[in-house]
Amino acid sequence: MLHPAEPYDIWANPDEKLLKNLEAMRKFSIKYAANTKTKFCIDPEVTACVIKGLAVHKMELGAPLCPCRHYDDPAAEVKDGFWNCPCEPMRKEGECHCMLFLQPENDFADAGEPDITSEFILSTK
């Protein structure tokens, strides 16, 4: 009986380019949250997962395409710009369905200042 190969985990041994994009997305997220007076999710693993997804898209596609959506043609979506982070709904209405940038009154918003370390992000699965 054939067994499917384990999926490749890009984060198991990240290269320098991926780490550079991760740090860029981490810093962007902290700055954007501060500038918009939004909060990260109370569950820091949600924040880490979204930042990792943004970093991968930035590296692979050249732009931080929202990682929480499915795209038939990611390259076309990047060119359109609607779902590039911060996406159009976030920029216009302050709504982030990824839960990266939450309004302070949201039940899932962390009460503290938005912050997250690269070490924590890398430690998450």
Side-chain angles (χ1 to χ4, degrees):
M1 175 184 235
L2 294 175
H3 297 283
E6 288 292 318
Y8 176 70
D9 180 5
I10 193 170
W11 295 104
N13 193 15
D15 64 17
E16 192 170 324
K17 185 176 180 183
L18 182 56
L19 292 174
K20 181 179 177 184
N21 281 288
L22 178 69
E23 185 61 11
M25 291 296 89
R26 184 188 75 81
K27 287 179 178 179
F28 155 77
S29 298
I30 292 169
K31 186 173 184 173
Y32 188 82
N35 289 344
T36 58
K37 297 181 177 24
T38 54
K39 303 290 185 177
F40 286 162
C41 183
I42 198 164
D43 180 348
E45 290 196 16
V46 170
T47 302
C49 181
V50 176
I51 292 173
K52 279 179 166 180
L54 291 171
V56 169
H57 281 169
K58 184 164 175 44
M59 183 181 79
E60 293 178 348
L61 303 169
L65 187 64
C66 176
C68 300
R69 304 185 62 82
H70 169 76
Y71 308 98
D72 289 330
D73 186 348
E77 294 290 345
V78 165
K79 286 181 184 175
D80 180 49
F82 188 89
W83 293 115
N84 292 345
C85 189
C87 66
E88 193 81 15
M90 183 60 209
R91 290 189 303 254
K92 290 191 173 181
E93 300 150 21
E95 294 179 15
C96 176
H97 76 277
C98 295
M99 296 181 64
L100 179 59
F101 305 115
L102 298 171
Q103 298 303 321
E105 62 275 5
N106 187 302
D107 290 342
F108 296 101
D110 192 334
E113 292 302 312
D115 196 14
I116 192 164
T117 66
S118 296
E119 292 79 16
F120 177 79
I121 295 170
L122 289 168
S123 75
T124 63
K125 290 288 178 189

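Position 1 is the first residue of the sequence; numbering continues from there. As a basis for the values below, the full set of heavy atoms in this structure was taken, side chains included, without hydrogen atoms, waters or symmetry mates.
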Q: Can you find a heavy atom in the side chain of Leu122 that is under 4.5 Å from one in the side chain of Pro14?
A: yes
Q: Flag the pair Glu23 and Arg26 as a salt bridge only when some basic side-chain nitrogen lies within less than 4.0 angstrom of an acidic carboxylate oxygen.
A: yes
Q: To the closest 0.5 Å, what do you measure between CD1 (Ile30) and CD (Glu113)?
A: 11.0 Å
Q: Please indicate whether Asn13 has more than 12 foreign heavy atoms, meaning atoms of other residues, nucleotides or ligands, lying under 6.0 Å from its CG.
A: no
Q: If hydrophobic clusters are built by linking Ile, Leu, Val, Met, Phe, Trp and Tyr wherever their side-chain heavy atoms come under 4.5 Å apart, do Val56 and Val78 end up in the same one?
A: no
Q: Could you pull out every donor-acceptor pair under 3.5 Å between side chains of residues 99-110 and any protein atom, sequence neighbours left out?
A:
| from | atom 1 | to | atom 2 | distance (Å) |
| --- | --- | --- | --- | --- |
| Gln103 | NE2 | Gly94 | O | 2.8 |
| Asn106 | OD1 | Phe108 | N | 2.7 |
| Asp110 | OD1 | Gly112 | N | 3.0 |

Q: Are Met90 and Phe82 connected in a single hydrophobic cluster, I mean Ile/Leu/Val/Met/Phe/Trp/Tyr linked by side-chain heavy atoms less than 4.5 Å apart?
A: no
Q: Rounded to the nearest 0.5 Å, how far does OH of Tyr32 lie from SG of Cys85?
A: 7.5 Å
Q: Tell me, do Met25 and Ile121 make a side-chain contact under 4.5 Å, heavy atoms counted?
A: no
Q: Roughly how far, to the nearest 0.5 Å, is the CG atom of Asn84 from the CZ atom of Arg91?
A: 7.5 Å
Q: Is the shortest heavy-atom distance from the side chain of Cys66 to the side chain of Tyr71 under 4.5 Å?
A: yes
Q: Are Leu65 and Leu54 connected, step by step, through hydrophobic side chains (Ile, Leu, Val, Met, Phe, Trp, Tyr) whose heavy atoms are closer than 4.5 Å?
A: no
Q: Which value, rounded to the nearest 0.5 Å, describes the distance between Asp72 atom CG and Glu77 atom CD?
A: 8.5 Å
Q: What I'd like to find out is whether the side chain of Pro114 reaches to under 4.5 Å of the side chain of Thr38, using heavy atoms alone.
A: no
Q: Does Trp11 offer a backbone N or O that forms a donor-acceptor pair with the side chain of Lys52 under 3.5 Å?
A: no
Q: Would a 4.5 Å heavy-atom cut-off, applied to side chains only, mark Pro74 and His57 as touching?
A: no
Q: Please check if Phe28 and Phe40 belong to a single hydrophobic cluster, counting links between Ile, Leu, Val, Met, Phe, Trp and Tyr side chain heavy atoms closer than 4.5 Å.
A: yes
Q: Nearest 0.5 Å please: distance from the CG atom of Leu19 over to the CE atom of Met59.
A: 10.0 Å
Q: With a 4.5 Å cut-off on side-chain heavy-atom distances among I, L, V, M, F, W and Y, is there a chain of contacts connecting Val50 to Ile42?
A: no
Q: Looking at side-chain heavy atoms only, is the closest gap between Pro67 and Trp83 below 4.5 Å?
A: no
Q: Quick one: CD on Glu45 to CD1 on Ile116, what's the gap to the nearest 0.5 Å?
A: 9.0 Å
